[in-house]
Trainee: 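Before anything else, here's the structure in question.
So that the names make sense, note that chain A is the first sequence line, chain B the second, and so on, each numbered from 1.
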2 protein chains.
Amino acid sequence: MPTELRYSRQRAAIWEWIRNRRDHPTADEVYVALREQFPHLSLATVYRNLMVLSDQGKLRPVVAGDKVTRFDPNTAEHQHFRCTRCGRVFDVEAPEVGRAVRRLDLGTVGTLTDFSLCLEGVCTACAQALEARGDALAPGM
Amino acid sequence: MPTELRYSRQRAAIWEWIRNRRDHPTADEVYVALREQFPHLSLATVYRNLMVLSDQGKLRPVVAGDKVTRFDPNTAEHQHFRCTRCGRVFDVEAPEVGRAVRRLDLGTVGTLTDFSLCLEGVCTACAQALEARGDALAPGM
DNA sequence: ATACGTGCAAACGTTTTGCACATAC
DNA sequence: GTATGTGCAAAACGTTTGCACGTAT
């Protein structure tokens, strides 16, 4: 385990590429995108650096219900909505939910350090596509 | 894909074993437990039947932040607390959070069909073990 | 000079799938 | 008899690791 953190062009490029993204890229998406700039880039390097950036608090890993880990440069409190049709993950502001969570009485269960809310449904684009095909929409909650 | 559903001793045994569990077993835990009764049981069979039972609405897959899928026979609305030390998953009643979620204005994002809240922290047992060792507890939120 | 970072390939753990055989209906 | 369920092995998948080489400090 490194005791000191050094500069690396790959890490800098990964951060530059992901820092303004709002689409919660996966490691593989980072890899594919940066392969143009670094033809010999390794997926392992991408994973290692995404972990480093997460440890630094610059990224937040998000597990949105599918099995891939996504990485979010927006570290402010917010929640995620995943479209079950297209898999895309959207940001949702839900401060009231955060407040309700922090007000929870966990009783003897334990001490809360973090939480994540994953909303699921059909995004507007997919709903329109389904409508065009004449399919019934999934009923809302 | 089957059009008709037939009886199978394995599926019945899996359901009997899991139906009153409150510890959110993984497929492998089901497999290990039922191997005594069915020495030739296959993990694939367990996965297939857990999927069938989930499709039937008797189980609910829960993804609690670690990478394994757990299966919960409690299909009533409730949330989960995962201890980051021991990995155990506890049930938490949080109707106020559910209400806050359903009140959310998703704007143009899409239509909500489901949601899951995963709380994280240190369970009481682990906190006591840490305290006994003199370690500092992770600060609450 | 000494770590730390990289690329590659191999390993890993979980979940899925293809296939021949067994079983419910 | 026929479709569904099973066991086994292999594949698939996302992710991690071991190692020799490269590079920042």
Side-chain angles (χ1 to χ4, degrees), chain A residues 1-18 24-56 58-72 82 87-89 118, chain B residues 1-18 24-56 58-72 82 87 89:
Chain A
M1 51 298 275
T3 59
E4 184 192 354
L5 204 56
R6 300 186 181 176
Y7 172 82
S8 101
R9 269 172 301 142
Q10 288 87 335
R11 186 185 305 135
I14 290 169
W15 173 238
E16 277 311 312
W17 185 83
I18 205 173
H24 318 85
T26 63
D28 195 69
E29 286 165 355
V30 176
Y31 172 65
V32 168
L34 290 189
R35 243 174 115 86
E36 295 167 25
Q37 192 178 341
F38 298 89
H40 293 287
L41 181 64
S42 164
L43 187 51
T45 297
V46 173
Y47 272 106
R48 281 187 285 239
N49 281 312
L50 290 173
M51 264 184 272
V52 169
L53 293 169
S54 300
D55 288 345
Q56 291 182 328
K58 292 177 170 176
L59 292 180
R60 220 189 131 123
V62 334
V63 181
D66 45 359
K67 40 208 65 178
V68 281
T69 304
R70 299 168 175 283
F71 295 86
D72 191 344
R82 182 173 56 87
R88 280 186 296 173
V89 175
C118 182
Chain B
M1 52 296 272
T3 59
E4 184 193 353
L5 205 56
R6 300 186 182 178
Y7 172 82
S8 102
R9 271 173 299 146
Q10 287 87 337
R11 186 186 305 138
I14 289 169
W15 173 237
E16 277 312 311
W17 185 84
I18 205 174
H24 318 85
T26 64
D28 195 68
E29 286 163 356
V30 177
Y31 171 65
V32 169
L34 290 189
R35 242 177 118 83
E36 296 168 23
Q37 192 179 339
F38 298 86
H40 292 288
L41 181 65
S42 164
L43 187 51
T45 297
V46 174
Y47 272 105
R48 280 187 284 238
N49 281 312
L50 290 173
M51 261 184 275
V52 169
L53 293 168
S54 300
D55 287 345
Q56 290 182 327
K58 292 177 169 175
L59 293 179
R60 221 189 129 122
V62 333
V63 181
D66 45 2
K67 42 207 65 183
V68 281
T69 303
R70 298 168 175 283
F71 294 87
D72 192 343
R82 181 172 56 87
V89 175

Trainee: How many whole angstroms separate atom OH of B/Tyr47 from atom P of D/dG7?
Mentor: 16 Å
Trainee: Taking distance alone, no hydrogens or angles, what donor-acceptor pairs closer than 3.5 Å link side-chain atoms of residues 5-16 of chain A to residues at least two apart or in another chain?
Mentor:
{"residue": "A/Ser8", "atom": "OG", "partner": "A/Arg11", "partner atom": "N", "Å": "3.0"}
{"residue": "A/Arg11", "atom": "NE", "partner": "A/Asn49", "partner atom": "OD1", "Å": "2.8"}
{"residue": "A/Arg11", "atom": "NH1", "partner": "A/Arg6", "partner atom": "O", "Å": "2.8"}
{"residue": "A/Glu16", "atom": "OE2", "partner": "A/Arg19", "partner atom": "NH1", "Å": "3.2"}

Trainee: Taking distance alone, no hydrogens or angles, what donor-acceptor pairs closer than 3.5 Å link side-chain atoms of residues 60-72 of chain B to residues at least two apart or in another chain?
Mentor:
{"residue": "B/Arg60", "atom": "NH2", "partner": "B/Asp114", "partner atom": "OD1", "Å": "3.1"}
{"residue": "B/Arg60", "atom": "NH2", "partner": "B/Asp114", "partner atom": "OD2", "Å": "2.9"}
{"residue": "B/Asp66", "atom": "OD2", "partner": "B/Arg70", "partner atom": "NH2", "Å": "3.4"}
{"residue": "B/Arg70", "atom": "NH1", "partner": "B/His24", "partner atom": "O", "Å": "3.0"}
{"residue": "B/Asp72", "atom": "OD1", "partner": "B/Asn74", "partner atom": "N", "Å": "2.8"}
{"residue": "B/Asp72", "atom": "OD2", "partner": "B/His24", "partner atom": "NE2", "Å": "3.4"}
{"residue": "B/Asp72", "atom": "OD2", "partner": "B/His78", "partner atom": "NE2", "Å": "2.9"}
{"residue": "B/Asp72", "atom": "OD2", "partner": "B/His80", "partner atom": "NE2", "Å": "3.0"}

Trainee: Whole Å only: how far is the CD atom of B/Gln56 from the P atom of D/dG5?
Mentor: 10 Å
Trainee: Starting at CZ of B/Arg48, measure out to OG1 of B/Thr45 and round the result to the nearest 0.5 Å.
Mentor: 5.0 Å
Trainee: Tell me the bend of the helix from C/dA1-D/dT25 to C/dC25-D/dG1 as the angle between end helix axes, each from five pairs, rounded to the nearest 10 degrees.
Mentor: 20°
Trainee: Find out whether A/Thr26 and A/Glu29 are in side-chain contact, i.e. whether some heavy atom of one side chain is under 4.5 Å from a heavy atom of the other.
Mentor: yes
Trainee: For atom CD of A/Glu36, is the number of surrounding heavy atoms from other residues, nucleotides or ligands below 6.0 Å larger than 12?
Mentor: no
Trainee: Near DNA chain C, which residues from residues 24-46 of chain A have a heavy atom under 4.0 Å away?
Mentor: A/His40, A/Leu41, A/Ser42, A/Ala44, A/Thr45
Trainee: If I take atom CZ in residue A/Arg48 and atom P in nucleotide C/dC8, what distance separates them, rounded to the nearest angstrom?
Mentor: 11 Å
Trainee: If I take atom CG in residue B/Leu50 and atom P in nucleotide C/dT14, what distance separates them, rounded to the nearest angstrom?
Mentor: 14 Å
Trainee: Calculate, to the nearest 0.5 Å, the distance between atoms CG and CG belonging to B/Asp55 and B/Leu50 respectively.
Mentor: 11.0 Å
Trainee: What string of B, S and - do you get for nucleotides 20-25 of chain D, 5' to 3', when a contact is any protein heavy atom under 4.0 Å?
Mentor: ----BS
Trainee: Under the side-chain contact (heavy atoms from CB on, under 4.5 Å) rule, what do B/Leu34 and B/Val46 come out as? Steps first, then yes or no, please.
Mentor: CA-CA 9 Å; B/Leu34 290 189; B/Val46 174; 5.9 Å; no
Trainee: Have a look at A/Arg11 and say if it touches a base, only the backbone sugar-phosphate, or nothing, with a 4.0 Å heavy-atom cut-off.
Mentor: sugar-phosphate
Trainee: Return no unless some side-chain N or O of B/Gln10 is found under 4.0 Å from OP1 or OP2 of C/dT23.
Mentor: no
Trainee: Over all heavy atoms of both residues, which pair between A/Ile18 and A/Pro25 is shortest? Give the atoms and the distance, please.
Mentor: CG1-CG, 3.9 Å
Trainee: For DNA chain C, determine which residues of residues 63-71 of chain A have any heavy atom closer than 4.0 angstrom to one of its atoms, and list them numerically.
Mentor: A/Lys67
Trainee: With nearest nucleotides of DNA chain D determined for B/Asn49 and A/Met51 from heavy-atom distances, which residue corresponds to the more 5′ nucleotide?
Mentor: B/Asn49
